[in-house]
Amino acid sequence: MNASVKPAFPPVETLVPHAAPMLLIDRVLAADAESLTAEVRITKNSLFFTPTHGVPAYVGIEYIAQSVAAYSGWRAQSAAPGTAPKIGYLLGTRKMTMACDGFADGDVLVIHVKNIFEDGEMGVFDGEVRKGDETLVTARINVYQPDDTAETPTSNQETTKP
């Protein structure tokens with residue numbers, strides 16, 4: 001095998017517990033023990049796209065959160081191939097900055113996330129959304145991923161008990 005060939009990553013839909021139309025990132029470009037880089041191409045069919053404004057820049061936080069989910073799914077599948085992605089929750093953000101109003105049709109965005117802190121079910125990640133050499137969105141996000149032993153309802157189950 002040629003050493004210059006980049007490793008192939010699983011399809012993003014196998015790493016993130018979202019389905020279309022809410023799966024917003026397109027593919028994983030790179031990953032290692034501490035970080036992941038993903039890509040999204042903005043089109044007129046992108047969720048949240050409007051002809052006058054494109055996709056609002058604040059959607060960048062969801063691109064970052066889904067890249068964190070892909071990182072979690074990639075780590076799980078690296079440890080045990082075939083592992084289904086786990087549900088996680090974006091709890092909040094600190095220091096989010098946006099250098100633009102939105103993303104235009106044809107923009108190719110690269111999202112990079114880095115694991116800053118992890119303690120059981122809680123995590124903190126730094127994320128950025130870039131277009132070429134320009135950083136458009138940055139944020140530090142707090143996330144929560146329930147333990148496997150916790151009872152987590154699926155979308156078709158009732159969430160309250162009589």
Side-chain angles (χ1 to χ4, degrees), residues 6-32 34-77 84-118 121-146 152-159:
K6 292 182 181 179
F9 291 95
V12 72
E13 56 271 8
T14 67
L15 302 175
V16 178
H18 288 326
M22 284 308 299
L23 181 60
L24 303 183
I25 61 174
D26 295 328
R27 66 186 182 123
V28 174
L29 301 175
D32 61 34
E34 297 178 352
S35 64
L36 180 131
T37 303
E39 178 182 83
V40 62
R41 292 178 182 272
I42 305 299
T43 70
K44 293 176 182 174
N45 295 322
S46 295
L47 193 61
F48 306 112
F49 186 91
T50 64
T52 54
H53 297 101
V55 175
Y58 59 77
V59 175
I61 195 167
E62 182 63 18
Y63 296 154
I64 291 169
Q66 288 193 20
S67 296
V68 168
Y71 167 80
S72 175
W74 176 79
R75 279 194 346 180
Q77 285 190 14
K86 289 174 53 178
I87 283 282
Y89 301 96
L90 171 62
L91 298 179
T93 184
R94 292 178 269 180
K95 293 187 174 184
M96 182 172 176
T97 61
M98 295 176 284
C100 65
D101 292 331
F103 313 123
D105 182 26
D107 284 351
V108 177
L109 307 176
V110 174
I111 303 97
H112 183 75
V113 295
K114 181 174 169 78
N115 187 340
I116 301 301
F117 173 79
E118 207 171 348
E121 299 173 340
M122 303 296 292
V124 178
F125 288 79
D126 279 342
E128 66 179 18
V129 178
R130 299 180 65 86
K131 182 176 84 172
D133 293 332
E134 187 179 6
T135 301
L136 302 178
V137 177
T138 63
R140 176 166 280 188
I141 65 170
N142 301 319
V143 295
Y144 169 70
Q145 187 175 57
T152 306
T154 65
S155 61
N156 293 328
Q157 291 179 320
E158 289 186 37
T159 56

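All heavy atoms count here, side chains included; hydrogens, waters and symmetry mates do not.
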What distance do Glu118 atom CD and Gln145 atom CD have between them, rounded to the nearest 0.5 Å?
8.5 Å

Leu24 side, atom CG; Ile64 side, atom CD1 - distance, nearest 0.5 Å:
12.5 Å

What distance do Ser72 atom OG and Lys86 atom NZ have between them, rounded to the nearest 0.5 Å?
6.5 Å

By the salt bridge (Lys or Arg N to Asp or Glu O under 4.0 Å) test, which pairs, at least two apart or in different chains, include something from residues 16-29?
Arg27-Glu39

Non-neighbouring partners of Glu13 that pass salt bridge (charged side-chain N to carboxylate O under 4.0 Å, His left out), sequence neighbours left out:
none

Quick one: pull up OG1 in Thr37 and CG in Leu29 and give me the separation to the nearest 0.5 Å.
6.5 Å

Selection residues 42-58 - residue pairs positive for side chain to side chain donor-acceptor pair (under 3.5 Å), sequence neighbours left out:
none

Please assess Val28 against Trp74 for the test side chain to side chain contact (heavy atoms under 4.5 Å, CB included), listing each intermediate value before the final yes or no.
CA-CA 9 Å; Val28 174; Trp74 176 79; 5.7 Å; no

Can you list the residues that meet the side chain to side chain donor-acceptor pair (under 3.5 Å) rule with Tyr71, with sequence neighbours excluded?
Arg75, Asn115

Value for OH (Tyr63) from CD1 (Ile42), rounded to nearest 0.5 Å, stands at 3.5 Å

Under the rule for side chain to side chain donor-acceptor pair (under 3.5 Å), what residues qualify as partners of Thr135, not counting sequence neighbours?
Arg130

So does Met22 get a backbone contact from the side chain of Gln66, meaning a donor-acceptor N/O pair under 3.5 Å?
yes

For Val40, which of Val110, Leu109, Val12 qualifies under side-chain contact (heavy atoms from CB on, under 4.5 Å)?
Leu109

Any salt bridge (Lys or Arg N to Asp or Glu O under 4.0 Å) involving residues 95-116? Give me the pairs, sequence neighbours left out, ordered by first then second residue.
Glu34-Lys114, Asp107-Lys131

